[in-house]
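Scroll down for the structure; my scribbles are underneath it.
What you see is a predicted model, and the numbers here were worked out from it, not measured in a lab. All values below were derived from every heavy atom in this structure, side-chain atoms included, with hydrogens, water molecules and symmetry-related copies excluded.
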Amino acid sequence: MNPIVVQKFGGTSVASESMRTQVISHVIRAIDEGYSPVVVVSAMGRRGDPYATDSLLELVKADAGDPGTGDREIDLLLSCGEVISTVVLAQMLKKAGHRARSFTGAQAGIVTDDQHGEARILRIDTKWLIEAVDEGFIPVVAGFQGACAKGEITTLGRGGSDTTAAALAVALGAEFLEVYSDVDGVKTADPRIAPHARTLARITYNEAAEMAHLGAKVLHPRAVEIAMNGNLPIKVRPTATNGAGTLVSDAAAWGDLEGPSWDRPVTGIAHVTDRLLVHVTTPPEDDMAAVSIFHALGNAGISVDMIRVQPASISFIAEGKARPGIEEILTVTNWPMEIRSDLAKVSAVGAGMHEMPGVMARVAKALQRAEVPIFQTSDSHANISCLVPAGRVQEAVLALHDEFNLGSKTRVEAKNGSPDADLARVD
Ligand code: ADP
Ligand code: MG
């Protein structure tokens, strides 16, 4: 049997006839290169397109993240978007002269737990896919879904097709995973905010996971983790062109044990908007205040970060949609609280930063120069995050992007006399 490659195509990649034609050409190229492709697809298009996830939710007047979205009815509805894509793509492959077979997540053997709306993949029974590949079919699998042990259809949460693709690739022992999207690869920042952001030729799993967790939507963090655990290289590539994209793997894969980031403090800038900053004044004598608050938040399924616990106060940030739940929990305690909304978290990410002094100073100075106020910061060995007003997110991203010379090719060339090997444009 030829080596397997899993190719995942996101919503915009399957949105129009012309994009779908591009999709088919990527699948055929994989075959020409001697691979057996297994294709994973998302629902077609974005809000407003007839079969997009948001349009399906619209039919029952629910919003992603609404309390009602975590039930079996909604999951059954949402799973249809991806199923439609599989059949359309499989038909196109057949018309192009190939044997193709479409699969729902359940038919592909994806077994999940029963948490509707955010199910976790427990295992994949690959025999049906292997059988199809053995018989010369190209399997086209619906992303973002599976079925629990009872046979109920479940969905994996936003961005879940990436997770499906990574899990299938590991389970099938694929040589690598290709994630096709509407960008050239993993870039130094979201190109919607920083149009001069550059495509990174390669990036380690750790940096990709860090970027994804901190908001770089191009890869889902769960998919990166699955790939890292399974030592599965990911290529993030554009659907519209034949660009090589970004290789996500561990440093040793390119014969460079130190990795590509040792000589640069920052690899990219990520951001998320719609964040709240919550500040609670706690009774100084109550040592259990933090424990009880975080326990209650955890039980309510509210995730928080940038946590700061001090003797008589606690602060943390959360997603905007968590506000009612947070207010409910904190009202019960009767402790004075303040919630500030419309914030964004902007993060500089780089595995090399922990060995370089002065990175925080550069971050603070760059934001100060751009007159962007910082409400809170947090840092780890591979990121520094700053909470800023949501209305200033673009200035903040651009200021950090500039400060660490991530953008302009000419600037890097001017500095080094030649293009930076790791940052060189690959498209
Ligand atoms: P798909 O529907 O194909 O899964 P997504 O919308 O989930 O695509 O992800 C692609 C989007 O990710 C891009 O359109 C881009 O705006 C956004 N993005 C955010 N940060 C980055 C980054 N660092 N590099 C590339 N794209 C990014
Ligand atoms: Mg996505």
Side-chain angles (χ1 to χ4, degrees), residues 57 62-70 115-120 156-160 190 193 209-217 220-222 225 269-283 286 288-349 363 367 372-380 382-394 396-397:
L57 276 174
D63 255 334
D66 267 5
T69 48
Q115 280 187 67
H116 286 289
E118 47 183 305
R120 296 251 148 195
L156 309 180
R158 283 294 156 123
D190 186 343
I193 289 220
E210 203 73 17
M211 289 280 284
H213 273 295
L214 293 166
K217 202 179 152 211
H220 194 285
R222 271 161 76 187
E225 263 152 39
I269 312 297
H271 73 279
V272 282
T273 51
D274 193 25
R275 288 303 183 270
L276 305 167
L277 173 61
V278 182
H279 185 90
V280 190
T281 307
T282 52
D286 186 348
M288 295 301 284
V291 176
S292 62
I293 288 183
F294 292 122
H295 190 70
L297 290 166
N299 282 346
I302 296 172
S303 55
V304 298
D305 69 319
M306 294 183 104
I307 297 162
R308 188 148 302 168
V309 178
Q310 280 169 341
S313 74
I314 293 168
S315 63
F316 57 85
I317 71 163
E319 272 184 80
K321 70 173 190 214
R323 185 171 190 140
I326 292 170
E327 282 176 339
E328 199 182 309
I329 287 165
L330 293 176
T331 310
V332 176
T333 64
N334 232 353
W335 294 326
M337 65 162 158
E338 206 184 304
I339 301 185
R340 182 168 203 151
S341 54
D342 283 331
L343 299 173
K345 182 167 76 167
V346 176
S347 308
V349 176
V363 167
L367 293 181
V372 176
I374 304 175
F375 297 128
Q376 188 137 319
T377 64
S378 66
D379 64 276
S380 78
N383 78 69
I384 291 176
S385 298
C386 298
L387 200 59
V388 304
R392 307 300 305 280
V393 69
Q394 181 162 28
V397 169

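- We find the CG-CZ distance between L156 and R158 to be 12.5 Å, quoted to the nearest 0.5 Å.
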Begin from the C-alpha positions of H213 and E225 and carry the test side chain to side chain contact (heavy atoms under 4.5 Å, CB included) through to its verdict. CA-CA 10 Å; H213 273 295; E225 263 152 39; 3.0 Å; yes
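- For the pair R323 (side chain) and K321 (backbone), a donor-acceptor distance under 3.5 Å is absent.
- From I329, atom CD1 reaches atom CD1 of I293 across 9.0 Å, with rounding to the nearest 0.5 Å.
- Distance check: I193 CD1 to H271 NE2 gives 3.5 Å after rounding to the nearest 0.5 Å.
- Contact detail for G215 and V272: the closest heavy-atom pair is CA-CG1, 3.5 Å.
- Taking every heavy atom of both residues into account, M288 and D286 meet most closely at N-OD1, 2.9 Å.
- Shown here are the side-chain hydrogen bond (donor to acceptor under 3.5 Å, both in side chains) partners of E328, two or more places apart in sequence or in another chain: there are none.
- Listed by chain and number, the residues in a side-chain hydrogen bond (donor to acceptor under 3.5 Å, both in side chains) with S385 are S347, N383 (sequence neighbours excluded).
- The minimum heavy-atom distance linking C386 with V363 is given by the pair SG-CG1, 3.7 Å.
- When all heavy atoms are compared, the tightest approach of V309 to A290 is CG1-CB, 4.0 Å.
- Applying the salt bridge (Lys or Arg N to Asp or Glu O under 4.0 Å) definition to pairs two or more places apart or across chains, those involving residues 293-312 are D305-K345.
- The two residues V346 and A396 make their nearest non-hydrogen contact at CG2-CB, 3.9 Å.
- Here the side chain of Q376 pairs a donor or acceptor atom with the backbone of M306 at under 3.5 angstrom.
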N/O donor-acceptor pairs under 3.5 Å from side chains in residues 330-343, not counting sequence neighbours:
residue, atom, partner, partner atom, Å
T331, OG1, E327, O, 2.4
T333, OG1, L330, O, 2.6
T333, OG1, W335, N, 3.3

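- The distance from atom CD1 of I314 to atom CZ of F294, rounded to the nearest 0.5 Å, is 5.0 Å.
- In plain terms, the two heavy atoms of L277 and S315 that are nearest each other are CD1-CB, 4.5 Å.
- Taking the side-chain hydrogen bond (donor to acceptor under 3.5 Å, both in side chains) definition, one finds that Q394 meets it with nothing, sequence neighbours left out.
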Tell me, with the steps shown, if I302 and F316 meet side chain to side chain contact (heavy atoms under 4.5 Å, CB included). CA-CA 11 Å; I302 296 172; F316 57 85; 5.9 Å; no
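- Partners of R392 under the side-chain hydrogen bond (donor to acceptor under 3.5 Å, both in side chains) rule, at least two apart in sequence or in another chain, are E395.
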